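Since the structure comes first, as structure tokens, the remarks are kept for the end.
Just so it is clear, the model here is predicted, and its values are computed rather than measured.
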2 protein chains.
Amino acid sequence: MDDAEAGSKAPGRETYHHGDLRRDLIASVRQLVETHGPDGFSVAEASRAAGVSTAAPYKHFKDKTAILHAVVEDAMQRMADAMADAVAPHPVGSIERIDALGRSYIDFARAQPGVFRLMFGLTRGHENDEVIMERGRSAFRIVVDCVADYLGIDRDANLAWQRAYMLWCFVHGHSFLVIDDKTTKQELDIDEITLLSAVSQGILGTVSKAADS
Amino acid sequence: MDDAEAGSKAPGRETYHHGDLRRDLIASVRQLVETHGPDGFSVAEASRAAGVSTAAPYKHFKDKTAILHAVVEDAMQRMADAMADAVAPHPVGSIERIDALGRSYIDFARAQPGVFRLMFGLTRGHENDEVIMERGRSAFRIVVDCVADYLGIDRDANLAWQRAYMLWCFVHGHSFLVIDDKTTKQELDIDEITLLSAVSQGILGTVSKAADS
DNA sequence: CTTGATAAGTAAGCAATGCTAACTTAAGTT
DNA sequence: AACTTAAGTTAGCATTGCTTACTTATCAAG
């Protein structure tokens with residue numbers, strides 16, 4: 001989808017070498033994860049999609065899970081980028097920035113629920129992958145900064161971290177409930193945007209005293 | 001672990017029939033899901049754990065996923081029970097009830113992260129299992145009731161549902177982040193109980209106006 | 001008690017998967 | 001032109017999910 005130039009001889013290729021199998025595999029897996037769910041993806045199927053033998057992927061990845069990790073690393077980057085893009089058009093310190101952040105998070109989850117689930121939990125060993133953790137932290141950093149700017153406090157202030165985490169919990173939970181269809185939306189009778197901004201303002205505006213242990 | 005009397009001839013049994021294989025399988029699977037993760041469980045392994053041939057489970061369950069659904073149904077029930085138990089000792093309408101509710105939810109997730117992940121997402125077709133959905137709804141019902149009682153409004157009031165959902169999102173999200181080790185606790189520097197009650201009071205106390213679309 | 005019917009187990013086997021090993025082909029490098 | 005090496009291939013192993021056909025126990029009825 002990006003990185004314009006590349007091998008791209010596949011599929012049904014006539015050259016022996018593929019061009020950029022690694023990149024193509026990640027893309028194939030990403031799609032398979034979306035259509036068949038995170039669990040129901042097979043290396044064999046991805047190989048076929050890339051038009052290559054079932055053993056070829058192991059020249060580029062150690063493991064099945066190594067492929068998944070690569071997909072997650074990629075997704076983490078895309079998510080962080082999406083968040084940064086969502087924030088950009090709004091003035092620093094505005095509540096709009098925070099709302100936009102939340103919306104971009106939920107949008108990402110809704111658009112690619114399979115990958116989203118992959119990013120959190122599911123697969124063993126995420127916590128040991130430093131690339132994934134680092135990109136996750138840098139995404140969270142955006143939230144912290146926006147919160148700090150909105151509250152007019154230092155970006156390293158503990159309070160900013162706490163509030164940011166509260167918001168993250170809410171948005172994260174809502175995202176999961178949405179993609180898992182546990183939303184009970186009909187009874188809820190409130191649209192997402194309203195819900196989101198109500199919670200943001202509630203958490204950021206008025207919890208101050210109680211949060212200080 | 002419960003339901004005292006039962007077959008329980010296994011394992012290394014000497015009778016041809018097992019006693020209550022179905023129940024034992026669910027228990028085995030539950031354990032396997034915890035140790036090997038929700039994805040890394042195999043019917044074969046569960047069969048071995050129950051001391052029975054690999055084909056035996058198919059006399060009791062249609063599918064691999066049917067087994068997982070049974071585990072989830074069981075877990076949903078246990079979770080709803082845990083929540084009801086947590087609430088019971090506190091007076092109706094008190095904030096303690098709500099805090100206890102949140103804590104029991106998180107405790108459940110922490111105690112059995114594999115099953116918890118199984119309950120939400122991961123496996124295809126939860127949304128079509130009426131038993132699972134019903135038990136989930138009845139668990140949420142507890143939250144709604146506690147919130148309504150605390151706010152002193154009707155238990156069917158829309159506002160109660162909205163606030164309950166907000167709380168649920170937060171607790172749910174926090175639970176996932178905890179079991180996925182994305183917590184960044186060291187930077188957070190606030191204990192869970194404080195965090196929890198701060199958010200509850202914030203959401204229940206002061207968001208009122210903004211939430212009404 | 002024998003007799004059936006049925007529930008609950010087993011054994012054997014199929015297709016598919018994850019992964020490895022040994023080989024082949026292409027593409028530089030010197 | 002010869003070597004090295006990256007990137008494919010085929011063949012095969014062990015394991016898995018699941019099915020089919022068979023075996024064994026249990027229970028109800030005569």
- Between D:dC18 (P) and B:Lys62 (NZ): distance, integer Å: 8 Å
- Item | Separation of atom OH in B:Tyr58 from atom P in C:dG9, rounded to whole Å | 15 Å
- Message: In whole Å, I'd like the distance from the CG atom of A:Asp20 to the P atom of D:dG8.
- Response: 9 Å
- Message: Can you see whether B:Phe41 has B:Lys64 sitting over its ring - NZ or CZ less than 6.0 Å from the centre and within 45° of the normal?
- Response: yes
- Message: Within the 4.0 Å heavy-atom criterion, would you say B:Ser53 contacts the bases, only the backbone, or no part of the nucleic acid?
- Response: base
- Residues two or more places apart in sequence or in another chain: which of them pass side-chain contact (heavy atoms from CB on, under 4.5 Å) with A:Ala82? none
- Task: Round to a whole Å and report the spacing from NE2 of A:His60 to C1' of D:dG8.
- Result: 8 Å
- Between A:Lys59 (NZ) and D:dT10 (P), how many Å, whole number? 13 Å
- Item | Ring centroid separation B:His172 to B:Phe120 under 6.0 Å | yes
- In whole Å, what is the span from the CG atom of A:Leu21 to the P atom of C:dT25? 19 Å
- Hey, does the side-chain of B:Lys64 have a donor or acceptor N/O within less than 3.5 Å of a partner on the base of D:dG17? no
- Within this structure, what is the CZ-to-P distance between A:Arg48 and D:dT9, rounded to whole angstrom? 13 Å
- Item | Nucleotide D:dC18, atom C1' - distance to CD1 of B:Ile67 in whole Å | 11 Å
